[in-house]
Amino acid sequence: MVMRSALIPVTRWLLALAAPGAALGLVLPLKPLIGQIPGPPFVAAVMLVAWVSGLRPALLTITLSLLALGYYFMSPVGDLTLAPQDAIWLLLFGAVAVCTAWVVATRGKVQGRLAASEQQLRLVTDAAPVLIYYVDAQRRYRFANRPYAEHHGRTPEDVVGRHVSHVVPAERYAVLEPHLAAALAGQRTVFEATDAVEGGVRHVVATYVPDRGPRGTVRGVVAVINDITERKQADDERVRLLALEQARRREAEAAAELGRILTQGLDLDAVAQRIAELACGLLRTMTTTVYRVDPVSRDFVCLAMTGDLGPFRPGGILPRRAAAVGRAVERGRPVTSPNVLEDPDIELPPGTREWMEQVPHRAVIAVPLRVKGRIIGAFAAGDRVGRVFGADDVRLAEALADHAAVALEHARLYTEAEERRREAELAADLARAVNASLDLDTVLGRVTAAAKDLCNAELARIALWDAAREGMAFRYTVGTRAGADDHVPIIPGKGLAGNVLATGRPVRTLNVLEDPGVRSEHAAVSRAEGGAAVLVAPIRMGEQVEGLIYVDNRTARAFTERDETILMRLADHAAIALRNAQLFAGEQAARGEAEARALR
């Protein structure tokens, strides 16, 4: 390589010597045919040497050319003695040759520099991690670096000269054209675009810079395209990590809040409402509902809710296996759906579908609430149609469900303890009232009120035996709104209460209006009251049923075995009051008879 570099200057000077010799060798044989001094071949030799070797070798060529012309073509031939006019001609020739050599050598240097600059520019742009090209006003490529050409499966030489639409796919050109037109109109344009590539999507940002001529007219556009896929992926990862961090923070806050609830003596409804609010915030949904599983019917009773669920309200009943909640409890794991109304895996009875169609938030996630392997309820969260609850959402919902189930169970136990305490207090008060008062109306009125309170009922009634009617008639009521209903007799064996009267055993029904055993007269009363769930217990005195005690709910909230046990205890108090009243009446009658006999 070093030897080759050293030979280049030698070659230039040898060319300076050889060029005038070649010109002389060309014109000497033609001397008899030439009638004048043959300057053009020597001028050509000077230009060649100036272009290839530079100015200084060209000056040597000029000197040798002057000597050759003076020696071989001017009189006297073979002598360098010159006539004045020949000397002047040679001086003019030399001056013209020097000027020509300078111009040619300078232009050669410029061209060489341009070629070197172009080569350097090509090297730089080919090595740059961006796509670069230049298009003229006719949208034809005038330059394209190698990465850009290879991106389109071509070489730079193959791209240059083609129209943009012949290189870029049609759908991509449709995206680029408006931006390209804006740049050719003189507007610098920056925009982002995406390309489908093997294994994913490539994100790029393109900058179009107008190239203006001396008069301000746009001659073309320089385009620089940067691949920002890694930056986008990094941004997406930062967003994902931020969302995960926020979700974990919300999860920790929810867990702390549930832990705080566990340390407080809150009732079941308050805990359920707080769980609904926490779930709504944690999962970023529009609605949430919390349900408990009814131990008798296995239906779902709504304890609390947030957001707009149309006509559905706390205390509403969701049939078992219905909706996403039913599916989640049945499977024992979370269930999600982007649109619960169109999901073939989710069962929606007509009544449930009717109110769900009035709710716009139909994307659902439902999670069972489990305590020690036993499912005690579930919660569901709803959002806009089409939202897909992902793995992170399911994880958060399960974490919340674990804490929520414990909180609800704690609240249930607390509520039951409070109810037992309240029941004991009321029972003690009733016992004192029974022992202290012989006023039947006062005692049975308090029994009726206690039945409504302890069974969480909306109304309560007591019916007593009416010998004149040979049946039961209502005497005491609490919470009724339809007016007196003592005109409706209760006949043994007829209807729901008639069965209690005949068998002496309590009876429950979830919906009295749909029970085939209810007589039409009683159905009318229940319809006027708006009653649904009913529990009836006998008031027994020995083997004889002397009365009936009712509790009713206007919603289909089923009464439980515990409610039945409480009502039977209250029926015992009522029986004692009746017995005391009968004993007192008998004692009063006996005293009256004794006094009458004493007067006679």
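Just so you know, residue 1 is the first one in the sequence shown, and it goes up from there. Bear in mind that the values here come from a model prediction, so they are computed numbers and not experimental data.
Evaluation of the ring-ring contact (aromatic ring centres under 6.0 Å, His included) test over residues 270-299, restricted to residues two or more places apart or in two chains, returns none. Counting only residues at least two apart or in different chains, ring-ring contact (aromatic ring centres under 6.0 Å, His included) contacts with residues 364-397 are absent.
Going from atom CG of L348 over to atom CZ of R327 covers 10.0 Å, rounded to the nearest 0.5 Å. The distance from atom OG1 of T207 to atom CG of N226, rounded to the nearest 0.5 Å, is 6.5 Å. Rounding to the nearest 0.5 Å places SG of C455 at 10.0 Å from CD of E564. The distance from the CG atom of L400 to the CD1 atom of I275 is 7.0 Å, given to the nearest 0.5 Å. Atom CG of residue L176 and atom CD of residue E171 lie 10.5 Å apart, to the nearest 0.5 angstrom. Note that NZ of K452 and OG1 of T477 are 11.5 Å apart. Values are rounded to the nearest 0.5 Å.
Taking both residues in full, the closest heavy atoms of A137 and V218 are given as CB-O, 4.3 Å, listed atom of the first, atom of the second, then distance. What you find for A457 and N553 is that their closest heavy atoms are CA-OD1, 3.4 Å. The minimum heavy-atom distance between D343 and T336, with the atom names listed, is OD2-O, 4.3 Å.
Here the side chains of T448 and R461 are not in contact, with every heavy-atom distance at 4.5 Å or above. Between K372 and E409 the shortest side-chain heavy-atom distance does not fall below 4.5 Å. When side chains are defined from C-beta on, Q273 counts as touching T306, because their heavy atoms get closer than 4.5 Å. In this structure, H361 and T285 have side chains that are not in contact, with every pair of non-hydrogen atoms separated by 4.5 Å or more. Using a 4.5 Å cut-off on side-chain heavy atoms (C-beta onward), E192 and K232 make contact. By the 4.5 Å heavy-atom criterion applied to side chains, F312 and V359 are not counted as neighbours. Side chains of P506 and L567 form no contact here, defined as non-hydrogen atoms less than 4.5 Å apart.
The 12-atom threshold is not exceeded at CD of E342, counting heavy atoms of other residues, nucleotides or ligands nearer than 6.0 Å. Atom CE of M286 has 12 or fewer heavy atoms from other residues, nucleotides or ligands within 6.0 Å. Around CD of E398, the count of heavy atoms belonging to other residues, nucleotides or ligands within 6.0 Å exceeds 12.
Legend: residues meeting ring-ring contact (aromatic ring centres under 6.0 Å, His included) with H203, ordered by chain and number and at least two apart, are absent. Shown here are the side chain to side chain contact (heavy atoms under 4.5 Å, CB included) partners of E561, two or more places apart in sequence or in another chain: R508. For H163, the side chain to side chain donor-acceptor pair (under 3.5 Å) partners are S165, not counting sequence neighbours.
A donor-acceptor pair under 3.5 Å is formed between the side chain of D299 and the backbone N or O of R320. Proximity of a side-chain donor or acceptor of R505 to a complementary backbone N or O of P538 within less than 3.5 Å is not detected. Under a 3.5 Å cut-off, the side chain of R219 and the backbone N or O of G216 do not form any donor-acceptor pair. When atom types are taken as modelled, the side chain of D402 and the backbone of A399 share no donor-acceptor pair closer than 3.5 angstrom. At distances below 3.5 Å, at least one donor-acceptor pair connects side-chain atoms of T189 with backbone N or O atoms of Q187.
Side-chain contact annotation: H151 with R202, donor-acceptor N/O pair under 3.5 Å present.
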Quick one, V168 with H152, criterion side chain to side chain contact (heavy atoms under 4.5 Å, CB included). Give me CA distance, side-chain angles, the key distance, then yes/no.
CA-CA 7 Å; V168 177; H152 293 287; 4.1 Å; yes
Name the atoms and distances for all side-chain donor-acceptor pairs under 3.5 Å in residues 129-136, with sequence neighbours left out.
from	atom 1	to	atom 2	distance (Å)
Y133	OH	Y208	OH	2.9
Y134	OH	D211	OD2	2.6
D136	OD1	Q138	N	2.9
D136	OD1	R139	N	3.2
D136	OD1	R140	N	2.9
D136	OD2	R142	NE	2.8
D136	OD2	R142	NH2	2.9

